[in-house]
Amino acid sequence: MTLRGIITFVISWAFAGVHAADIPSNSIPEHGIHQDELGHFAEEFFSEHLDEFDIPGAVFVVVANGDTLLASGYGVANRETQASVDPERTRFRVASIGKTFTALAVLQLVERGELDLLGNVNELLEDPIDDAGLGPITLHQLLLHTAGFDERLIGYLARPEQPESLGDYLSRRMPNRSFAPNDISRYSNHGYALAGLVVEQVSGRPFWRYAEEEIFDPLGMTRTAFLTLPLPEWTDELATEYWASGEIARPLVSNPYPAGSLATTGNDMRHFLSAFLSRSEDDASGARQRVLSDDILRRMQTVQYTPHPQLPGSLTYGMTRTKIHGRSVVLKWGSGPAHSAILGFLPDQGIGFFGAVNRQEPQIWTRLLPRLVEVMSKNPRVNVAVNASEASLDPRAAQGEYRLGRYAKNSIERLLSLAIHANVTAQGNDGVAVALPVDPSMGGDFDYVSGSAFRSRDGNRTITFSTTEGRVTHLHMDLLGEPISFEKVRWDESINTVLLALGTVILIFVTVAFASIIRGATSLFRRSVKKQSNRGEKITSWLATSSSIWSLAALIALVLALGKWKDWAQAAPGELIVAATMGTVVPLLALACTVGIGIAWQRSYWGILRRVHYTTCGLALVLFAALLMRYNVWFGGV
């Protein structure tokens, strides 16, 4: 039996032992939803998709009007021990769903008058963050990802041997504020971590403790906590996580932990779903009102930011709001290196749901959401109405290459932005095709609707374009309610241009190095070879050859480093340090070589062909140095 066959057998066998929480057997007449029907749907869905995506296990919870309709585990929490997923005891890491609780903590302090959403956070911090002269950094911006921070990956994960406080980490590694604030939403884990630090410094408690005492304990979420160092004893209760290869992934802790290091159970999230959906007058203990007041709930469900009026997906504080089959859905999803989860509500129907898996596979939620909304709303599939707009967009104006707006502008991590480019091509006068190699499921064919909105052929997705002075500047998508923006890039920043430039400089460097080797070997066997007449010729020749070899070595180190990009989150690999160090020298070599070649032309060193060859080497060095500088491949960029 093949490895995949064994895994399929294990998962299929595990479904015989589905765990379910102790829940009432009633139906919900006003919604027409029966638990048996919902349970059958969930078991069929997870049985199919755990097998399809090679996911070991999942937990899934649905609540309506304070009643638990479903709380079940599927598959296994650990393939080696065959332990089934228990919704009451198995803890899953839920990645960015932690941001929902970080936003909730901020809103609690806002309601108590201790914080101002529009105030300058630097006035509250012991160690202020550099605002880059772009104006105050506000909690409103942090909760909506509009503060303008760079992306940061290197050192994102905490080292067990070097635990440090949230404040110390952010003082050391907070990304630059490199973009104009309130421009577009650039998803920022560090921005949310900074909001968590504000909660720390205002409340006088570590953020994880504040969340425990002010949110989790009052709601009865006794098995929910942020994972920090040193690792707590309960980590053995975590669902074992697996890479796509099937290997076990050890639980890693993120340094900016308020953004995505939360662990919880299906049963605990059932308490949160119920509190989120309940009415304050029905809460005899008052816990719901203390934790989730009516005003806080309103803020968390009200759209605070949208990149385009025709895009369904918009941001609230800590969550997103979108339309699925004509129904309003408020949700938050998260994806870590080896886990994924989703939290959502159909507020108009009083329904909430939560799901988590112990492997990174967000596609399971894109499959689940439309089908779940169908089941819960008893509605046939309907297209989401797109707001009408008088302005019309010629699909040909949208053609071009777009870079994901979430990227590092001023660090070496900008290299990774090349991996997430989308290409848009016009399809006649009434449609566009979007290609996104990193995730083909986000692309496809889109037909023109109105204004600058296009809808996918299956009717489930909408994309829009922003324009400035008649020129298209951004592409906007909706992924599980999360608005994602791409910036249109100039021709010189396109992937093809970069690859063509790299291919050209590599070819020139190789020919210079090869020619030098040939001349050196020839001189050993031919005594009649004319010796260089002066020192200047030797120096210029040596500069061109050594610079070419140095640049090729730097490029090799960079390629090796990019091959280890998954390790960057723990620390910059040695190959990246070498590439950055060598890259720092390349501009100096380019300058020196250019001066030497200029002298060679002035003094007529060698013949014309050799001078032209060395000139192309000088130009290649200048081009290579420009590329390295654009992508911050220098020691300070790390």
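Below, all heavy atoms of this structure are taken into account, side chains as well, without hydrogens, waters or symmetry copies.
Ring-centre distance between Phe486 and Tyr402: not below the 6.0 Å cut-off.
The CD atom of Gln301 sits 8.0 Å away from atom OG1 of Thr316, with the distance rounded to the nearest 0.5 Å. Distance OG1/Thr138 to CG/Asn122: 11.0 Å, rounded to 0.5 Å. Note that CG of Leu143 and CZ of Arg299 are 10.5 Å apart. Values are rounded to the nearest 0.5 Å.
Among Arg406, Arg186, Lys409, the one residue that satisfies the salt bridge (charged side-chain N to carboxylate O under 4.0 Å, His left out) test with Glu487 is Arg186. Each of Phe207, Tyr210, Trp208 was evaluated against Phe226; a single residue qualifies, Phe207, per the ring pair (Phe, Tyr, Trp, His ring centres under 6.0 Å) test. Across Phe353, Phe354, Phe101, a single residue satisfies ring pair (Phe, Tyr, Trp, His ring centres under 6.0 Å) together with Phe272, and that is Phe101.
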Is there a ring-ring contact (aromatic ring centres under 6.0 Å, His included) between His145 and Tyr305 once you walk through the steps? CA-CA 10 Å; His145 307 284; Tyr305 165 86; 9.4 Å; no
Apply salt bridge (Lys or Arg N to Asp or Glu O under 4.0 Å) to the pair Arg367 and Glu361, showing each step before the final yes or no. CA-CA 11 Å; Arg367 302 277 185 89; Glu361 189 46 79; over 6 Å; no
Show, in sequence, the C-alpha distance, side-chain angles and deciding distance for Phe345 and Phe276, and conclude whether the ring-ring contact (aromatic ring centres under 6.0 Å, His included) test is met. CA-CA 9 Å; Phe345 302 90; Phe276 198 95; 4.0 Å; yes
One pair to check against salt bridge (Lys or Arg N to Asp or Glu O under 4.0 Å): Glu164 and Arg172. What are the steps and the verdict? CA-CA 11 Å; Glu164 60 183 332; Arg172 184 174 60 85; 2.5 Å; yes
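For the pair Arg205 and Glu200, the salt-bridge criterion is not met [side-chain N within less than 4.0 Å of a carboxylate O]. Between Glu374 and Arg327, no side-chain nitrogen of the basic residue sits less than 4.0 Å from a carboxylate oxygen of the acidic one, so the salt-bridge criterion is not met. Between Asp567 and Lys564 there is no salt bridge, since no side-chain N of the basic residue sits under 4.0 Å from a carboxylate O of the acidic one. Between Glu241 and Arg359 there is no salt bridge, since none of the side-chain N atoms of the basic residue sits less than 4.0 Å from a carboxylate O of the acidic one.
Looking only at atom types and distance, the side chain of Ser178 has a donor-acceptor partner in the side chain of Asn410 under 3.5 Å away. Between the side chains of Ser340 and Trp365, at least one donor N or O lies within less than 3.5 Å of an accepting N or O. Remark: the Asp168 side chain and the Ser165 side chain contain an N/O donor-acceptor pair separated by less than 3.5 Å. With hydrogens and angles left out, the side-chain atoms of Asp478 and Thr322 include a donor and acceptor closer than 3.5 Å. Between the side chains of Tyr187 and Glu482, not a single donor N or O lies within less than 3.5 Å of an accepting N or O.
Figure legend: Arg223 and Trp234 shown without cation-pi pairing, the cationic atom not lying both under 6.0 angstrom from the six-membered ring centre and within 45 degrees of its axis. A cation-pi arrangement is present between Arg403 and Tyr407 under the rule of less than 6.0 angstrom and at most 45 degrees off the ring axis.
With hydrogens and angles ignored, the 3.5 Å screen pairs a side-chain donor or acceptor of Ser293 with a backbone N or O of Ile296. No donor-acceptor distance shorter than 3.5 angstrom exists from the side chain of Ser261 to the backbone of Tyr257, with no hydrogens or angles considered.
The nearest pair of heavy atoms linking Pro312 to Lys323 is CB-N, 4.3 Å. Closest heavy-atom contact between Thr102 and Ala195: CG2-CB, 4.4 Å.
Ring pair His190/Tyr156 is perpendicular by interplanar angle, where above 60° counts as perpendicular and below 30° as parallel. Using cut-offs of 30° and 60° for the angle between ring planes, the His308 and His476 rings count as tilted.
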